[in-house]
**Q** 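Sharing a structure below in structure tokens format, with a few things to ask.
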2 protein chains.
Amino acid sequence: MSETTSTRAARLSDVARLAGVSAATASRALNGSDRGVREANRAKVLEAAKTLGYTTNVAAQAVARGRNRGVTLVVKGIPEDYANPIISGVVTAAQRRGLPVTITSAGTDPADLVEAVHNARSHRPEILMITGGRATDDATIPELVDALQRYEAEGGRVVLITQPGLPFDTVAYENRKGGYDMAKTLAGLGYRNFAVISGMKHGLTQRDRTAGFIEGLAESGIQLPADRVLIGEFTRDAAYAMTGDLLRRGIPVEAIFAVNDAMALGVLTFLRDAGRSIAVAGFDDIQALRDVTPSLSTVHLPWDQVADEALTMAMGPRGDEPRTIMIEGHVVVRESTPSVVP
Amino acid sequence: MSETTSTRAARLSDVARLAGVSAATASRALNGSDRGVREANRAKVLEAAKTLGYTTNVAAQAVARGRNRGVTLVVKGIPEDYANPIISGVVTAAQRRGLPVTITSAGTDPADLVEAVHNARSHRPEILMITGGRATDDATIPELVDALQRYEAEGGRVVLITQPGLPFDTVAYENRKGGYDMAKTLAGLGYRNFAVISGMKHGLTQRDRTAGFIEGLAESGIQLPADRVLIGEFTRDAAYAMTGDLLRRGIPVEAIFAVNDAMALGVLTFLRDAGRSIAVAGFDDIQALRDVTPSLSTVHLPWDQVADEALTMAMGPRGDEPRTIMIEGHVVVRESTPSVVP
DNA sequence: CCCGCTGCGGAAAACGTTTCCGTTAGGATT
DNA sequence: AATCCTAACGGAAACGTTTTCCGCAGCGGG
């Protein structure tokens, strides 16, 4: 406890004094770009800042400017081990534009999301981006919409990466069509007996993907009995467990459609552990798939493009109406769904 | 452009006025926990905050308090798809303690790290946590140390999750010993001809793991020729490519040690693609391994514990001297390194 | 020689909180 | 009934920036 000389952090006025200019000039030299500062002074300020180890106090900056630079990304349930492709997409896209991005995570509970949004809102970022599926039965939606609308009214920018339907600029991807296409593809490969491993009942993402899949099957002349749709948590581990349940029931299944890749991996691994050979298909085309055997058939989504569109929309002028950009995916057939010889 | 009524965000004084109390009281009711507020008033304030859709302006709060609540985590190169186990560990550990965590990512370049730290520092968080390997030849280290020491002098808390040796509280894991143990284990399984797939020359993590491995081999009576240590980027893709180089050279290799799991997966996949059967071992024991075949032998590290120790250290009192906590891993033998029958 | 620009610098007023400190009310103690 | 304590409250001064507004100098054109 000897050398704990608790110094104050250097502040702008310190820099200004050392450089022999006013705080206003120092500010202009360091951050405010619009107005000119004589070259000699600018150099002195930069020099002084360096010797003092000065860092802008962004909090103070945000207070003065009324807004925080950059984008705040609210994500549902980070701790999943398979990286969320949206996160890396947004981070890279923002980096390319020189925007700082702050990630705040919410639990999987809808109420957590609202809280996380409140939290993010309290940072007053220029851009507030929210990702994570919505649920139909979600009682917190009105509250969420309210908070976000208020935020927009205050001059903030809101972009959603999720299902369309909320009154905000949205980048969405074709969940239903992806499921539909996958069903047709699998039927085309000769499969007839299916099961679906899905997530929480009311989640829109999984609901649309499942509904699309069922519709695609129906159009191929295949009825999917209700008990073939298993529902649980939206995670790899839950999918692993659900596959066990499914097999224990002794239903003859030829192919399992999991509503996302992480879950599909859980299914795949369970089947391998159990020594069963059943076709598996997923959704998302996360990078982790590259290292898995058999390679997984899935619906590819161009995540980088999704993130990029979202950022472009956020940085562009605000439209009169909320816009929605739909991104299409396409089915990729790999080893996990070999064609069936009749 | 009709209803773009750009309202001001509600501020504390608005809430106070509506509740019929002073700003001071409103502040105490909403955030300042220490002092008492009469129950009736507290209720009125909360009510008013709700109807106004008030959110604390954390920037202003940070300015007033002089510090931002929570931990800022600086990570090297987020966009890797295999989730960094440290990130999820820290996020969960912080969540459990009710601390908000902000993640800022730096590129892979050392200079990027310094910049990211400057950036993080400018947020004035209570806790500044840095993860990502250090390099020996890193010219930016003095600058980094300087910035961090200044930060501590200003009253901030710095914790590193990386190699020991810098004058800050550090949580480190036994890289050298892990490599060493892995070598002995593999030798014990009967392997004799090895190659190592490693990352950037001067990275301490990979250097220690590699050095430990070589030492372990030596102690088992095996010399590892220098040309058997391949060096490239610290990523899965680079490892994939390096494995190709290795095989093209026609060296008879029985087992490949990759200095981390992501790289080991690249190796594994290349071997599979090339139809070769060579033993592979990694390091870290990331969760993604569960879904891969053959299951990968690796050095297990208790990441949740690492993160937890780091947070505990950060929240506890500051010691007179920087402390270092070493976390040990242990070898896990799985299918990718079957025992060799001589 | 005067006038109006232009370009730059500084003083000071915001920005939205927290917190210090003084004040008041009301109950407990003599 | 007078005094002392304590708890709750409010006014106002911070916190570290940005930005507005004003002043000043220098300069070219009339």
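Lettering follows sequence order; numbering is per chain, from 1.
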**Q** Roughly how many Å is it from CZ in A/R42 to C1' in C/dG9, rounded to a whole number?
**A**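 Distance, rounded to whole Å: 14 Å.
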
**Q** When you measure from the side chain of B/E154 to the backbone of A/R8, do you find a donor-acceptor pair of N or O atoms at a distance under 3.5 Å?
**A**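 No; zero donor-acceptor contacts below 3.5 Å.
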
**Q** Output the rounded distance in Å from CG (A/N31) to C1' (D/dT19).
**A**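 Between C1' of D/dT19 and CG of A/N31: 13 Å.
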
**Q** Measuring only between side-chain heavy atoms, which start at C-beta, is A/V75 closer than 4.5 Å to A/I87?
**A**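 SC-SC contact between A/V75 and A/I87 confirmed.
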
**Q** If I take atom CG from residue B/L148 and atom NE2 from residue B/H118, how far apart are they, to the nearest 0.5 angstrom?
**A**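 So the CG of B/L148 and the NE2 of B/H118 are separated by 9.5 Å.
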
**Q** Between D/dT18 and A/S27, is there an OP1 or OP2 to side-chain N/O distance shorter than 4.0 Å?
**A**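 Looking at the OP1 and OP2 atoms of D/dT18, one of them is under 4.0 Å from a side-chain N or O of A/S27.
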
**Q** Kindly give the heavy-atom pair with the smallest separation between B/A23 and B/L12, and that separation in Å.
**A**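 That would be O-CD2, 3.8 Å.
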
**Q** Tell me, which of residues 15-24 of chain A have any heavy atom that sits under 4.0 Å from an atom in DNA chain C?
**A**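 Going residue by residue through residues 15-24 of chain A, the ones with a heavy atom under 4.0 Å of DNA chain C turn out to be A/V21, A/S22, A/A24.
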
**Q** Give the rounded distance in Å between these two atoms: CG of B/N68 and C1' of D/dT17.
**A**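 That distance rounds to 15 Å.
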
**Q** Is there a side-chain contact between B/R38 and the phosphate of D/dA8, meaning an N or O under 4.0 Å from OP1 or OP2?
**A**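 B/R38 to D/dA8 OP1/OP2: no side-chain N or O under 4.0 Å.
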
**Q** Closer to the 5' end of DNA chain D via nearest nucleotide, is it A/A9 or A/T25?
**A**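 The residue closer to the strand's 5' end, by nearest nucleotide, is A/A9.
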
**Q** Round to a whole Å and report the spacing from OH of B/Y54 to C1' of C/dT17.
**A**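 These atoms are roughly 7 Å apart.
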
**Q** At 4.0 Å (heavy atoms only), tell me whether A/V37 reaches a base, stays on the sugar-phosphate, or touches nothing.
**A**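 Sugar-phosphate, no base atom in range.
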
**Q** Going by modelled atom types, is there a donor-acceptor pair between the base of D/dG10 and the side chain of B/R28 at under 3.5 Å?
**A**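 A donor-acceptor contact between them is present.
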
**Q** Measure from CZ on A/R11 to P on D/dG16 and round the result to the nearest Å.
**A**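 Nearest whole value for this atom pair: 5 Å.
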
**Q** List the steps, then state whether side chain to side chain donor-acceptor pair (under 3.5 Å) holds for B/R97 with B/T312.
**A** CA-CA 10 Å; B/R97 291 173 164 84; B/T312 306; 2.8 Å; yes

**Q** List in chain and number order the residues that pass salt bridge (charged side-chain N to carboxylate O under 4.0 Å, His left out) with B/R124, two or more places apart in sequence or in another chain; answer none if no residue qualifies.
**A**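 Partners of B/R124 by the salt bridge (charged side-chain N to carboxylate O under 4.0 Å, His left out) criterion come out as none, since no residue qualifies.
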
**Q** Can we say B/D169 and B/R157 salt-bridge, meaning some charged N sits less than 4.0 Å from an Asp/Glu carboxylate O?
**A**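 The answer is yes: the pair qualifies as a salt bridge.
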
**Q** Would you mind reading off the distance between B/R8 atom CZ and C/dT17 atom C1', rounded to a whole angstrom?
**A**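 Distance check: B/R8 CZ to C/dT17 C1' gives 14 Å.
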
**Q** Would you mind reporting whether A/N119 and A/V74 have side-chain heavy atoms less than 4.5 Å apart?
**A**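 No, every pair of side-chain atoms sits at 4.5 Å or beyond.
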
**Q** Could you give the NE2-to-P distance, from A/H123 to C/dT17, as a whole number of Å?
**A**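 Between P of C/dT17 and NE2 of A/H123: 14 Å.
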
**Q** What bend angle does the helix from C/dC1-D/dG30 to C/dT30-D/dA1 show across its length, from five-pair end axes and to the nearest 10 degrees?
**A**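 Here the local axes at opposite ends form an angle of 40°.
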
**Q** Taking CG from B/L12 and P from D/dG11, how many angstroms apart are they, rounded to a whole number?
**A**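 Result: 13 Å.
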
**Q** Should B/K44 and B/E47 count as an ion pair when the cut-off is N to O under 4.0 Å?
**A**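 Salt bridge: no.
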
